[in-house]
Amino acid sequence: MLSENLTKQLNTQINHECFSVVLYTQMSAWCASKGYDGCALFFRMQADEEKQHMEKLFVYVLETGGLPQLSEIAAPPSSWDSVRDLFQATFDHEKSISAEISALVEIALDEKDFSTFNFLQWYVSEQHEEEHRLKSILDRIDMITAEGHGLFTIDREVSRLTSSGNS
Ligand code: OFO
C-alpha cells in the first residue's frame, strides 16, 4: 500500500511523463516541418516510449491502492535554434527526469517501501539508457560539426540509430 506522500510524488511523476510525451511530440513536429524526417521519427518514437513510462506508473499506482491523478500539462516550446540545440534540450530534459527518479528512489528507501523501490529500478535503467543514447547523438553531431553542410548526415545518422535501436 502506497503512503500518501509516495502516491503524491508518483502522481507528480505521471504528469512529468505526460509532459515528456507532449514535448517530444512537439519536437517531432518541428523536425518534420523542417524536413528532418529521421529526427522526426526519432521523437515520435520517444513520445511513444514516454507514454509507456506514464502508463507503467499509472498502473502501479492503481495496483497499490492509490488513485492516479492527472493534472494540467504546460505547453512545450515549439521551436529550437538548431538540431544540436534540440538534442541538447532533450538531453537536459532527460537528466532532469533522472534526478526526479533518483529523488523518488530516495523517498521509497526512506519509507522502507521496497516494492516501490524495486518498481523504480526499471526507470533507473531506462534513464541510464536514454542519457547514453542522447549523449551519443550529441557526440556524433559534434563530430559532423558544421550545420548546413552536415545536417543531411546528422539526419541520416539519427534515422539509422532509431531503426537499429542502438546508440
Ligand atoms: Fe525519458 O523519461 Fe520517462 O521516465
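Whatever order the structure lists ligands and atoms in, that order sets their numbers, starting from 1. Residue numbers run from 1 in the order of the sequence given.
- Residues Thr25 and Phe43 are not in side-chain contact: their nearest non-hydrogen atoms beyond the backbone lie 4.5 Å or more apart.
- Paired with Leu134 under the rule side-chain contact (heavy atoms from CB on, under 4.5 Å), one option of His93, Glu129, Glu94 passes, and it is Glu94.
- Residue contact check: Gln127 has heavy atoms under 4.0 Å from atoms 1 (Fe), 2 (O), 3 (Fe), 4 (O) of ligand 1.
- With a 4.5 Å cut-off on side-chain heavy atoms, Asp142 and Arg84 count as touching.
- The environment of CD in Glu106 is sparse: at most 12 heavy-atom neighbours from other residues, nucleotides or ligands sit within 6.0 Å.
- Salt-bridge annotation for Lys135 and Asp139: present, with a side-chain N of the basic residue lying under 4.0 Å from a carboxylate O of the acidic one.
- Using a cut-off of 2.8 Å, one finds that Glu49 contributes no N/O/S atom close to atom 1 (Fe) of ligand 1.
- Put simply, Glu17 stays out of reach of atom 1 (Fe) of ligand 1, with no N, O or S atom under 2.8 Å from it.
- Heavy-atom proximity to Tyr123, at under 4.0 Å, picks out these atoms of ligand 1: 4 (O).
- Of all N/O/S atoms in Glu130, OE1 sits nearest atom 1 (Fe) of ligand 1.
- No heavy atom of Glu126 sits closer than 4.0 Å to any atom of ligand 1.
- Note on Glu50: its N/O/S atom closest to atom 3 (Fe) of ligand 1 is OE1.
- Among the backbone and side-chain atoms of His53, an N/O/S atom is found under 2.8 Å from atom 3 (Fe) of ligand 1.
- Less than 4.0 angstrom separates some heavy atom of Glu94 from each of these atoms of ligand 1: 1 (Fe), 2 (O).
- Salt bridge Glu49/Arg133: present, at least one basic N to carboxylate O contact under 4.0 Å.
- Counting atoms of ligand 1 from 1 in the listed order, those under 4.0 Å from a heavy atom of Ile97 are 2 (O), 4 (O).
- Both cation-pi conditions hold for Lys95 and Phe91: the charged atom is under 6.0 angstrom from the six-membered ring centre and inside a 45 degree cone around its axis.
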